[in-house]
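Both backbone and side-chain heavy atoms feed into the values below; hydrogens, waters and symmetry mates do not. The first residue of the sequence shown is numbered 1, and numbering continues consecutively from there.
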Amino acid sequence: MLDSSSLKNEMLGKKTWVVVGVTAKKDRFGYKIWKILKKHNYNAYGVNPNYDEIEGETIYHSLKDLPSKVDVLDMVVSPKLSIKTLEEAKEVGIEYIFFQPGTYNDEVIQKCDELELKYLTGDCIYATLKRME
């Protein structure tokens with residue numbers, strides 16, 4: 001298994017991300033992360049069953065609805081929703097999961113291991129990209 005720094009660099013090198021838990025609420029990380037990924041030239045999709053679009057961009061109701069293959073899934077939902085999302089991620093071929101703080105617990109991590117997904121915890125993609133600006 002890669003150490004977290006190598007894994008993070010590998011993820012940052014992938015250009016197609018999906019933010020699960022994207023929101024139109026501008027003060028929330030689900031919005032900020034989606035926007036900063038786009039700002040840094042990532043192809044960033046949003047998944048949230050409560051939205052059809054945000055700022056004119058299509059928001060997908062599930063990972064299965066995405067129009068193209070995604071490299072990295074950024075998780076911005078509760079552990080209860082995270083665990084359900086992992087099975088779907090595996091089904092659609094997403095290999096990398098970036099967990100935002102508060103989106104995972106022991107059960108979620110165990111599921112990642114069972115599904116043989118590469119995942120990162122204890123970090124924030126928003127803070128990482130902000131530091132690069």
I36 vs H40, side-chain contact (heavy atoms from CB on, under 4.5 Å): CA-CA, chis, key distance, verdict
CA-CA 6 Å; I36 202 165; H40 285 262; 3.6 Å; yes
Please step through side-chain contact (heavy atoms from CB on, under 4.5 Å) for the pair T16 and V72, ending with a clear verdict.
CA-CA 7 Å; T16 306; V72 183; over 6 Å; no
Given side-chain contact (heavy atoms from CB on, under 4.5 Å), test K15 with N43 step by step and report yes or no.
CA-CA 6 Å; K15 285 301 180 188; N43 180 11; 5.7 Å; no
Using side-chain contact (heavy atoms from CB on, under 4.5 Å), reason through I94 and L63 one step at a time and then give a plain yes or no.
CA-CA 9 Å; I94 299 171; L63 296 175; 4.2 Å; yes
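Between W17 and F98, the ring planes lie tilted relative to each other; the angle falls in the 30° to 60° range.
Between C112 and F99 the shortest side-chain heavy-atom distance falls below 4.5 Å. No side-chain heavy atom of V70 sits less than 4.5 Å from a side-chain heavy atom of V92. A heavy-atom distance below 4.5 Å is found between the side chains of I109 and Y119. Put simply, the side chain of V47 does not reach to within 4.5 Å of the side chain of I59, judged on heavy atoms. Within the 4.5 Å cutoff, no side-chain heavy atoms of E116 are placed close to those of E95. At least one side-chain heavy atom of E88 sits less than 4.5 Å from a side-chain heavy atom of S62. The side-chain heavy atoms of V22 and V76, taken from C-beta on, include no pair separated by under 4.5 Å. V20 is listed as a side-chain neighbour of L73, based on a closest heavy-atom distance under 4.5 Å.
The CD1 atom of I125 sits 14.5 Å away from the CE atom of M75 when rounded to the nearest 0.5 Å. Here K130 contributes atom NZ and Y126 contributes atom OH; the two are 4.0 Å apart, rounded to the nearest 0.5 Å. Atom NZ of K35 is separated from atom NZ of K38 by 7.0 Å, given to the nearest 0.5 angstrom.
Within the structure, the side-chain hydrogen bond (donor to acceptor under 3.5 Å, both in side chains) test picks out the following pairs touching residues 67-84 (sequence neighbours left out): Y45-S68.
With 3.5 Å as the limit, one finds a donor-acceptor pair spanning the side chains of D3 and S6. Side chains of N48 and H61: a donor-acceptor N/O pair is absent below 3.5 angstrom, by distance only.
No option in I83, L86, T121 other than T121 meets the side-chain contact (heavy atoms from CB on, under 4.5 Å) test with Y104.
The nearest pair of heavy atoms linking W34 to A44 is NE1-O, 3.3 Å.
Here K64 pairs with E91 in a salt bridge; the nearest charged N to carboxylate O distance falls below 4.0 Å. Between K90 and E87 no salt bridge is recorded (no basic side-chain N to carboxylate O distance below 4.0 Å).
Residue D106 places its CG atom among 12 or fewer non-hydrogen atoms of other residues, nucleotides or ligands, all under 6.0 Å distant.
Y31 does not carry K25 over the face of its six-membered ring by the limits of under 6.0 Å from the centre and within 45° of the normal.
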